[in-house]
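As the structure is a computational prediction, the values presented were derived from the model and not from experiment. In the text below, chain A, chain B and the rest are named by the order of the sequence lines, each starting its count at 1.
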4 protein chains.
Amino acid sequence: MTIEFDNNLPIYIQIMNYIKGEIVTGKLKPGDKIPSVRELASDLQINPNTVQRTFQELERETIVETRRGMGRYVTSEEGRIMTIKKEMAKDVLDRFIRGMRELGFQGEDIVAAVAESVGHEDAEKGDV
Amino acid sequence: MTIEFDNNLPIYIQIMNYIKGEIVTGKLKPGDKIPSVRELASDLQINPNTVQRTFQELERETIVETRRGMGRYVTSEEGRIMTIKKEMAKDVLDRFIRGMRELGFQGEDIVAAVAESVGHEDAEKGDV
Amino acid sequence: MTIEFDNNLPIYIQIMNYIKGEIVTGKLKPGDKIPSVRELASDLQINPNTVQRTFQELERETIVETRRGMGRYVTSEEGRIMTIKKEMAKDVLDRFIRGMRELGFQGEDIVAAVAESVGHEDAEKGDV
Amino acid sequence: MTIEFDNNLPIYIQIMNYIKGEIVTGKLKPGDKIPSVRELASDLQINPNTVQRTFQELERETIVETRRGMGRYVTSEEGRIMTIKKEMAKDVLDRFIRGMRELGFQGEDIVAAVAESVGHEDAEKGDV
DNA sequence: GTGGTCTAGACCACC
DNA sequence: GTGGTCTAGACCACA
């Protein structure tokens, strides 16, 4: 497991997003055990406190739950996971549309740009 | 003039984006005069240092130029403006596609989601 | 037998409190046999080590005594039980009064709030 | 400003409670500036990270708000403060009543015990 | 073994 | 000056 860190976003947020992605796409299933703080920290070559912070935030969002002395687990409430997915998608989408509008793009232009871009990347394949 | 500030992004970046938006959409045209630091700072109720920083960055990107003793002006090179617009659009778009892919959405799903979202917002209100 | 565990307090403390409650209210009488570690652990779905720890602490407080090869029993000294009850009540009460004072409540307000709250709960349901 | 720390509760929680108390009792008013991380840390002789943690939690509860580079302030929404006060009082009260019931005390006994205890402390004065 | 907290100290971005 | 993040390393309680 590796994550390419982007310097502009706190590491703990990037790990959060990564883990949320794993859950939302079903790679981590409800009830699955999550790597321990120490394990993940050594995997990612970062400080355990940073991982701790990540998990603390995930727990606050009720995506993850702690069983004392036994580790952390993906929430077993599937509904919660669906909600998270929708929230994240809405967030990404809204941010995008607002960005495009600020640049002067209108409805159809935006859709067209996306369609074209999606096409390109499918053709190229590669950096997904 | 008001901007809703997002706590997660530096204010000076948000003002930069706002001004770039004004330029790119033609509300500020090549060669137009830009408000002074003091004026903008008092308009937006923020620290003049922050506005200063904004302009400094805009100058570094050669979107704005200073004429000594006469204030700051939008660059008169229209090509530069087009370039900026393309860069910004590509950035917004790429970030979006990457985000959706991380959530498990595939090509056509993404286009569909955008189309639907654009429809909604057009129906609700028309503030571009 | 079920206990709703509160995540902020060690489980063994919560079980201790539960058992002390049973003793102090007379549901477990002086000299009564107490369930074995294994039995209680499987009842409560927790680690036997945790139950062991509970009993160990109860013994330290001389509320429970071990008879070799025969299991554990509630102390037969009734005076000890009364003492425990008083200590626990004083503790709960002091903590409460201190808490209310920190919130700016004065003497009579506190009594009134308790009176009202007790009334409510009696009306709603009767699970003591 | 001094706080006597209790070893059984995390320091950052104790500071949270202390500050909430100050706000709820009106010693810190809506919009008031809160001491900086470094200042409070040196006052209380604890690590700045611990204070940071305190403020982070208070911010999550929207009791406190950060103005970038300018420090932290008590929320100016008075309604929020009233809500907090009620929540805290309810919490303290419920915990108390539950505790007393577990010890076998019934409605009127509880009220009486409180009335007596409040009387005592008023008479003694002192360790409040 | 697990997570939770705390200290010490550093660096950075922002205002 | 302010807060935000990260590292390093320690200690403790819990299961």
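Summarising the local packing, CD of A:Glu77 is surrounded by 12 or fewer heavy atoms from other residues, nucleotides or ligands at distances under 6.0 Å.
Taking atom CE of residue D:Met70 and atom P of nucleotide F:dG4, one finds them 14 Å apart after rounding to whole Å. A straight line from CG of C:Leu9 to P of E:dG4 spans 15 Å, rounded to a whole angstrom. Look at CD on A:Glu59: it is 13 Å from C1' on E:dT2, rounded to the nearest Å. One interatomic measurement links the two molecules: CE of A:Met16 to C1' of F:dG4, which rounds to 16 Å at whole-angstrom precision. A:Lys33 has its NZ atom 6 Å from the P atom of E:dT2, to the nearest Å. What separates CG of A:Leu44 from C1' of F:dT7 is a distance of 15 Å, to the nearest Å. When the C1' atom of E:dT2 is taken as reference, atom CD1 of A:Ile34 falls 14 Å away, rounded to whole Å. One can place CD of D:Gln56 at 8 Å from P of F:dT5, the figure rounded to the nearest angstrom.
Comparing C:Ile11 and A:Ile13 against DNA chain F, the residue whose closest nucleotide sits nearer the 5' end is A:Ile13.
Residue B:Tyr12 places at least one side-chain N or O closer than 4.0 Å to OP1 or OP2 of E:dC14. Contact between the side-chain N/O atoms of D:Gln52 and the OP1/OP2 oxygens of F:dT5 is not found at any separation under 4.0 Å. Between E:dT7 and D:Thr50, a contact under 4.0 Å exists linking OP1 or OP2 to a side-chain N or O. Applying the 4.0 Å criterion to OP1 and OP2 of E:dC14, one finds that D:Arg68 has every side-chain N and O outside that range. For D:Arg53 and E:dT5, the shortest distance from a side-chain N or O to OP1 or OP2 is below 4.0 Å.
On a pure distance criterion of 3.5 Å, a polar donor-acceptor pair joins the side chain of A:Asn49 and the base of F:dG9. Judged by distance alone with a 3.5 Å cut-off, a donor-acceptor contact links the side chain of D:Arg38 to the base of F:dG3.
Annotation: cation-pi pair A:Arg72/A:Phe55 absent, no NZ/CZ under 6.0 Å from the ring centroid and within 45° of its normal.
Using modelled atom types, one finds a donor on one side chain and an acceptor on the other under 3.5 Å when comparing A:Arg80 with A:Thr62.
In this structure, E:dG1 forms a base pair with F:dC14, meeting either the Watson-Crick or the G-U wobble geometry with both donor-acceptor distances under 3.5 Å.
Comment: D:Glu57 engages D:Arg60 in a salt bridge, judged by a side-chain N to carboxylate O separation of less than 4.0 angstrom.
Of all nucleotides listed (E:dG3, F:dG4, E:dA13), F:dG4 comes nearest to the side chain of D:Thr66. Of the candidates F:dT2, E:dC6, E:dC15, F:dT2 carries the atom nearest the D:Ser36 side chain, counting heavy atoms from C-beta on. The side chain of C:Asn47 sits closest to F:dA15 out of F:dT7, F:dA15, E:dA13.
Rounded to the nearest 0.5 Å, atoms CG (D:Asp91) and CD1 (D:Ile84) are 11.5 Å apart.
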